[in-house]
Amino acid sequence: MNSLPFTFRTKIYFIKTLQNCNDLVFATLTHAKILKSGFLNDTFTTNYLINCYIRLQKTAPAFQLFDEMPEPNVVSYSSLMSGYINVGKPQICLWLFREMQKGTVLPNEFTFATAIKACSILANLKGGKQIHGHVEIFGYQFNLVVCSSLVDMYGKCNEVDLARRVFDSMEGKNVVSWTSMITAYAQSGRGHEALEVFREFNWLVREHANQFILASVINACASLGKLISGKVAHGAVIRCGHHLDDVVASALVDMYAKCGCIVYSDRVFRRVSNPCVIPYTSMIVAAGKHGLGKLSIELFEEMIDRGIRPNNVTFLAVLHACSHSGLVDESLEYLNSMSRKHGMEPDAKHYTCVVDMLGRTGHLDEAYQLAKSIKVNNDEGAVLWGTLLSASRLHGRVEIAVEASKRVIESNQQVASAYVTLSNTYVLAGEWENAHSLRTKMKQNGVCKEPGCSWVEIKDSTYVFYAGDVSFERGSEVLSMLRELERKMKERGYKGRTTGLVFVDVEEEAMEEIVGLHSEKLALAFGLISIPNGVTIRIMKNLRMCRDCHEAFKWISEITERDIVVRDVNRFHHFDKGLCTCRDFW
DNA sequence: ATAGGGTTAG
């Protein structure tokens, strides 16, 4: 007779205990008590226990509990699914979702939101679309959270227009939905639309912008090289009281650097009271991009002194900075220190960065030896050997170019570009017959290369320049301006590879490549003709911001006494997702 | 009653 209230009180006690429990020993103890009292058969109590383990990131006991539950419900499934997302295992989350569909428990809005998030993390468009279908079947297509997660998922899969379609279909929107949409645009290289949506947000929503939305807006300004918009966003950050936020500060540091104002980057960075690894890395990248390798190194050492652990991105940033400032010995030292001092194994990207530096500075044999010593998969191998291939072309080292191109072709990636670069190597070395037979082989295999391109934004218009194509608007004016600039640069002692070479006595094939490498200078020349100030030059990934280019820009800026904002589009989104094409690969 | 969505550096 008395057992029922007693049982009830025990259950309440267990639940209260588990709700506030943040200690594994205590959780295990409570688990044992629940087991003893037979409450593991109770779905509610066990769900609390599962959630407690998930809060402590212990998925193994959570899964075991779930597995042994007589009647898991939708909460049991959803909890465990989000638990696996929290420990970085979205695959298992989706597996659970599929298992759930085999049984009788029906998914609800929580389950869908979680499953969609897993697809977002994995950039799994196919899975995401499937779940979107189920969302409509089950009638959750009007749920705010489900829709926001769909917007985010489509954004992360680079399907921004689908994201927009979901966004437009939403009746009520909150800050999170707006953030998802803005982020989707910002991360897909559609910064203008990101800013447009942000304007709409300010117009339609009374709510203040929070740190999430501001970080994304700043990111959009950065990718557009829009300094003024960036400063406006910075103003909003200060007004809304988010200037102490680590994430926002990192975005600002990055934005100012990409807009050419490293002084502001430094100022923002120095105001962060306890910067974690990310603001430090942003600042190291910023310094590196501006050719301040020594500053990058100082920042890195300062970070170590303050006990902040660098991660693989930080090391990549330092190596990149050394590479771009010609600090060869330092770069090798940092590469070695990764495993020796910091207990981290360098990955393919770190090695590729160093191989690139050795190659560009003419240490071809060392670069080759290092490249050979690295274990890589196909994708990594294509990048690594492609880097060496370009370097050997630059320095006319045919034997290494042949070996490198062989490896690129073996890795079965972007064969076209490998062919073209090798062909150009032959041309530059004067081995016309080899070049010719290679070109023939390419034609036989139906391989052709997409032309490289660069572009310049002037006010609201974008001017695009394709490699080898001088037929654009005011082309002859641009060319004569270019020659004029080159003459002035030479007069003042500029010794980089010159653009004029491009137009004389070079075989057609080789010209395509060389014009490709220098088309940003065409863009620059064009910009100087058209507008006096604030020209934004965007350089695609394949048109590396090598030391030469950087020097050239400095010279041009000096000669013309004009501010030139140089923007290196390093994070080309397709590249991040491994969907690169010829154009952005090299 | 327990479970869900958005931000930063390469």
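Just so it is clear: chains get the letters A, B, ... in the order the sequence lines come, proteins before strands, and each one is counted from 1.
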Selected nucleotide, minimal atom distance to [X] side chain, candidates [options]:
X	options	value
A:F44	B:dT7, B:dA1, B:dA9	B:dA1
A:Q187	B:dT8, B:dG6, B:dG10	B:dT8
A:N73	B:dG10, B:dT2, B:dG6	B:dT2
A:F110	B:dT2, B:dG5, B:dA3	B:dA3
A:N312	B:dG10, B:dT7, B:dG5	B:dG10
A:S82	B:dA3, B:dT7, B:dG10	B:dA3
A:T183	B:dT2, B:dA9, B:dG6	B:dG6

Symbol by symbol from the 5' end, with Watson-Crick or G-U pairs under 3.5 Å, [ ] crossing and | another strand, DNA chain B is ..........

Listed partners of A:R199 passing salt bridge (Lys or Arg N to Asp or Glu O under 4.0 Å), at least two apart: A:E196

Quick one: label [X] by what it contacts on the DNA or RNA (base, sugar-phosphate, nothing), any heavy atom closer than 4.0 Å.
X	result
A:N311	base
A:S282	sugar-phosphate
A:I15	base
A:V175	base
A:V75	base
A:I213	nothing
A:S79	sugar-phosphate

Strictly below 4.0 Å: does A:K289 bring a side-chain N or O up to OP1 or OP2 of B:dA9? no

Determine: side-chain N/O of A:S216 to OP1/OP2 of B:dT7, distance under 4.0 Å, yes or no. no

Where along residues 46-56 of chain A does a heavy atom fall under 4.0 Å from DNA chain B? A:N47, A:Y48, A:N51

With side chains defined as the heavy atoms from C-beta onward, is the minimum distance between A:L295 and A:E298 less than 4.5 Å? yes

For the residue pair A:A62 and A:I50, what are the closest heavy atoms and their distance? O-CG1, 4.0 Å

Using 4.0 Å as the upper bound for N to carboxylate O, is an ion pair formed by A:K294 and A:E330? yes

Between the side chains of A:E302 and A:R270, is the shortest nitrogen-to-carboxylate-oxygen separation below 4.0 Å, so that they form an ion pair? yes

Please state whether the base of B:dG4 and the side chain of A:N108 form at least one donor-acceptor pair under 3.5 Å? no

Taking the six-membered ring of A:F167 (Phe, Tyr or Trp), confirm whether the NZ or CZ of A:K173 is under 6.0 Å from its centre and within 45° of its axis. yes

